[in-house]
Structures are given as structure tokens and as C-alpha cells.
Amino acid sequence: MEFGWTPKQNEYRQRVRTALDELLPDNWDEFYVKRSYASDEAMEFSRWFCAELAKRGLLVPHWPTEYGGNAGEDWEHFILGEEMKAAGEPRGGQYMNINWIGPVLMKYGTEEQKREHLGGIASGKVIWCQGFSEPNAGTDLAALKTKAERRDDHYIVNGGKIWTSYARKADWCILLVRTGSERKDITVLLVPMNSPGIRVASYSGLVKDGHLNEVFFEDVRVPVGARVGEENRGWEIITHALSYERVGVPRYHVGLEALDMMVEKLQSEGRWDDAVIQTLAGELVAKFEAARLLTYRVVDQRVKRQPPNTDANLSRICSLEAVQDLMDFIAQFAPDALAGGHLLLDDYYRINTPAGITGGTNEIQLDLVAQRGLGLPRK
């Protein structure tokens with residue numbers, strides 16, 4: 001079996017790298033990366049940067065042409081994601097638009113919703129946030145309590161969301177609300193973030209500035225026409241969205257980049273000859289490469305239009321275990337790299353701190369593999 005890239009794919013990757021070289025400012029690492037790609041400065045930069053990518057045909061290459069793409073294969077989307085993440089993700093929150101919000105609207109949105117939103121996403125000028133988690137509904141997303149009551153041609157939304165990255169600068173929110181009494185009576189709404197009754201409150205934490213925000217909804221009016229799919233049938237849409245999100249971040253690629261930096265640091269300090277360090281580094285390489293192959297398997301299935309399965313969950317499990325092991329490796333052998341001692345390693349550590357929670361914990365992923373992949377009963 002040949003695991004190499006085709007000449008066309010290598011050429012595409014080089015186009016992406018050339019664009020990064022030409023578009024990123026000289027102070028990208030020192031200024032923007034230091035503040036995280038969810039900071040206000042990086043998000044405003046992303047509006048310009050993504051618009052420039054769009055002009056070069058590099059923002060949504062895998063989308064159909066009628067929605068602003070080039071009808072390319074999903075491989076191009078993953079090559080793009082690998083290079084962007086390794087560069088510090090200059091797309092900011094717009095990676096979500098491209099990775100799963102756009103595909104969700106293509107599959108479940110009305111023609112009016114597609115006309116209104118897909119062009120904006122493909123232009124690179126619109127930022128979205130994800131109104132999913134709540135204080136008591138994170139891992140158990142079906143426990144959410146934010147409520148939407150139908151009143152004629154509008155919903156009235158009340159409640160609150162947490163962990164809402166990009167909310168301070170987002171134009172739109174893809175919002176999950178409860179619309180019935182059953183556990184999975186959940187509905188998906190598309191809500192402008194400038195709607196009266198929406199308030200955003202940021203809070204600090206180990207994760208860098210811009211990622212931790214609460215969003216409060218008080219009697220927010222949302223037209224029924226902003227509903228995606230049928231009322232109380234949002235769980236299918238959520239499942240579809242999360243299947244994209246779980247493999248959307250190329251943690252294997254940026255993990256190997258971070259490991260290379262760690263090895264360079266240890267070599268410069270004369271500590272690389274330690275057999276224990278070399279063995280642990282070798283194990284990390286193997287884990288990240290395994291995660292890469294599992295992710296590529298999912299991409300290959302999408303290219304071949306095969307139905308979703310639990311391979312995306314397995315890919316995420318493998319990636320997150322490798323990430324956690326690398327974080328432990330950094331903390332054990334180069335603690336001085338953290339707290340600003342090594343800008344890029346510190347950024348890697350901080351940005352991956354919540355990685356094992358966002359999109360569903362590894363415990364949830366393992367449960368899904370057991371139930372949907374192996375057919376085991378729920379306890």
C-alpha cells in the first residue's frame with residue numbers, strides 16, 4: 001500500500017506554504033501566536049487573512065463550486081488544516097466555519113440559509129462561534145437547559161452557554177436549545193451575535209485569552225426561519241457536526257512539529273543522549289504517526305463517500321493520548337519551556353490543555369466505540 005502524497009497534493013501543499021510565507025506578518029509568532037488565535041487581535045487578523053486565502057482559492061478548496069469552493073477532494077482540506085495548525089492557525093475561529101459549520105448547512109440547511117451563510121463563510125470575512133456546552137451540560141450535551149419557546153414565527157431563547165471560544169468577536173452563533181421535554185428534544189438555531197438580549201462575559205484561565213467566554217441569552221428573539229432542520233430533531237445534526245469536529249484538528253501534525261522543537265531544545269542543552277528521553281520521544285513519534293494514519297483513514301472514507309462509523313472516534317482517542325503524553329514529556333524534561341520560557345512550546349501546552357474535553361472526552365469516545373462499533377449494551 002502506498003501512503004505517499006500524489007504530485008498534485010504536494011503541489012497544493014506548497015501553494016499553502018507559499019501563501020503562509022507571503023501573508024503572515026514578520027511578528028506573527030511573537031505577537032499573534034503569543035496571544036492565541038482566539039484573541040481579539042488574531043481574530044480580526046483572520047478576517048483579512050482568510051479573505052486573502054479565499055482570493056487564492058485556498059480557503060474552502062473541498063467545497064462544491066456553487067458554494068464558493070473548487071470541488072477538490074477532502075484531502076486538500078486536511079492538507080490545508082495541517083499547514084495552518086502548524087503555523088499557529090491564522091484562520092482563527094474560522095477553521096470551524098470551514099470544517100463543520102459549512103458542511104452542516106450544506107446537508108441540513110434550507111436554500112435560503114445556504115444563500116445567506118455559505119457565501120459569507122467562503123469569503124473569509126465572517127466568524128462563527130459554537131453555542132453547545134453549558135455549566136452542567138458539557139460531556140453530557142443532551143442535559144442542556146437553554147430553552148427556546150415557540151411564539152408564532154419566532155423562538156424566545158433564554159439560558160447560557162460556557163467555554164464559547166471566539167464569542168467576543170463572532171458574527172453568528174450556531175446554537176443548541178431545548179424545545180421539548182424529552183432528553184433529546186434539541187433544536188439547532190442560527191443566531192446573530194448582535195441580537196438584543198445576548199451578553200458575552202470572558203473569564204481567565206490556563207487556556208489563552210479569547211477561548212473562555214460565557215454567553216447569556218435573555219428573551220432573545222430568533223426567527224423560525226433560522227432553525228436548521230426540524231424542531232426537536234437536532235441530535236442527528238449534532239452527531240453529524242461532531243463527526244467532522246473530531247478529526248478536524250490535525251493534532252498529529254502539530255504534535256510532531258512540537259516534538260521536533262522539544263528535541264532541538266534537548267539537543268542544544270546536551271541532554272538528548274539520555275536513552276530514556278530518546279525512547280520516550282520514539283514512542284511519541286509512533287503514537288502521532290498512528291493517529292495520522294487513523295485520521296487519513298477517515299478522510300479516505302469521506303472521499304469515497306462511505307457512511308460515518310466509529311473510526312473518527314478512534315482517531316480522536318489516539319490523537320488525544322499522544323497529545324497528553326507529549327504534554328507530560330514537556331513538563332517532565334523541559335518545565336522551563338512553559339510559562340513563556342519557550343514561546344511555541346508554551347503555546348502548544350496551553351492550547352492543548354482542554355483538548356481532552358472539547359468535542360467529547362476520551363471516555364465518551366470509548367463509550368461510542370463500544371456501543372456503535374462493537375455493539376455492546378449500555379449499562
Side-chain angles (χ1 to χ4, degrees), residues 12-63 65 67-70 72 76-103 105 115-130 164-174 190-194 200 202 207-213 248-250 253-254 257 343-344 347-348 350-351:
Y12 175 78
R13 189 183 293 274
Q14 187 54 52
R15 283 182 59 206
V16 174
R17 289 178 175 176
T18 299
L20 286 166
D21 289 340
E22 293 176 356
L23 296 175
L24 293 185
D26 293 338
N27 66 341
W28 172 252
D29 286 344
E30 293 75 15
F31 181 78
Y32 291 97
V33 171
K34 185 177 180 180
R35 285 160 176 75
S36 94
Y37 53 80
S39 68
D40 291 351
E41 297 89 349
M43 290 180 68
E44 286 305 317
F45 174 81
S46 80
R47 294 185 195 271
W48 174 84
F49 177 82
C50 288
E52 291 298 312
L53 283 185
K55 292 176 185 176
R56 298 176 184 226
L58 294 175
L59 186 62
V60 287
H62 58 304
W63 282 20
T65 53
Y67 301 133
N70 303 326
E76 293 186 354
H77 168 49
F78 276 79
I79 291 171
L80 177 71
E82 287 178 354
E83 296 302 322
M84 291 294 151
K85 187 66 175 176
E89 194 48 274
R91 295 175 301 177
Q94 293 197 51
Y95 82 89
M96 287 198 312
N97 309 3
I98 299 158
N99 182 38
W100 67 264
I101 295 175
L105 294 177
R115 285 194 300 271
E116 181 177 8
H117 296 296
L118 293 178
I121 293 173
S123 75
K125 299 177 181 178
V126 180
I127 296 173
W128 286 70
C129 64
Q130 171 182 324
T164 311
S165 298
Y166 322 113
R168 291 196 308 228
K169 290 288 184 178
D171 304 293
W172 289 86
C173 177
I174 183 165
L190 308 177
V191 183
M193 285 297 288
N194 62 357
V200 178
S202 301
V207 183
K208 289 191 175 183
D209 182 49
H211 285 283
L212 302 180
N213 305 286
V249 179
H253 190 75
V254 72
E257 296 270 345
L343 177 62
L344 296 180
D347 178 71
Y348 178 84
R350 285 175 177 267
I351 209 67

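- Between the side chains of Asn99 and His77, at least one donor-acceptor pair of N or O atoms lies under 3.5 Å.
- Across all their heavy atoms, Lys125 and Asp171 have their closest contact at O-OD2, 4.0 Å.
- Among all heavy-atom pairs drawn from Leu20 and Phe49, the shortest one is CD2-CZ, 3.9 Å.
- Taking the side chain as every heavy atom from C-beta outward, Cys173 and Trp128 never approach each other to under 4.5 Å.
- At least one donor-acceptor pair closer than 3.5 Å links the side chain of Trp28 to the backbone N or O of Ala87.
- Nearest heavy atoms, Tyr12 versus Leu80: OH-CB, 3.7 Å.
- The side-chain contact (heavy atoms from CB on, under 4.5 Å) search around Ala86 returns His253, Glu257, not counting sequence neighbours.
- The structure places OH of Tyr166 at 10.0 Å from CD1 of Ile127, a figure rounded to the nearest 0.5 Å.
- Side-chain contact between His62 and Ile98: present, with at least one pair of heavy atoms (C-beta onward) separated by less than 4.5 Å.
- Put simply, the side chain of Leu190 reaches to within 4.5 Å of the side chain of Ile174, judged on heavy atoms.
- Minimum heavy-atom separation, Met193 to Ala167: CE-O, 3.6 Å.
- For the atom pair CD of Glu76 and CZ of Arg15, the computed distance is 8.0 Å after rounding to the nearest 0.5 Å.
- Here the side chains of Val60 and Leu118 are not in contact, with every heavy-atom distance at 4.5 Å or above.
- Atom OG of Ser123 is separated from atom NZ of Lys55 by 11.0 Å, given to the nearest 0.5 angstrom.
- When all heavy atoms of Cys129 and Ser165 are compared, the pair lying nearest together is CB-O, 3.4 Å.
- At a threshold of 4.5 Å between non-hydrogen side-chain atoms, the residues Leu23 and Phe45 do not count as touching.
- The two atoms that bring Met84 and Val16 nearest to each other are CE-CG1, 3.9 Å, heavy atoms only.
- Proximity of Trp63 to Ile121: side-chain heavy atoms (C-beta onward) are separated by under 4.5 Å at one or more points.
- Put simply, the side chain of Gln94 gets close to the backbone of Gly124: a donor and an acceptor are under 3.5 Å apart.
- If you take CD on Glu44 and OH on Tyr32, they are separated by 10.0 Å, rounding to the nearest 0.5 Å.
- Not counting sequence neighbours, the partners of Arg168 by the side-chain contact (heavy atoms from CB on, under 4.5 Å) test are Asp40, Val200, Ser202, Asp209, Asn213.
- Here the CG-CD distance, from Asp21 to Gln14, works out to 8.0 Å after rounding to the nearest 0.5 Å.
- At most 12 heavy atoms of other shown residues, nucleotides or ligands fall within 6.0 angstrom of atom CG in Asp26.
- The closest donor-acceptor contact from the side chain of Arg13 to the backbone of Glu82 lies at 3.5 Å or more, if one exists at all.
- The CG atom of Asp29 sits 8.5 Å away from the CG atom of Leu24 when rounded to the nearest 0.5 Å.
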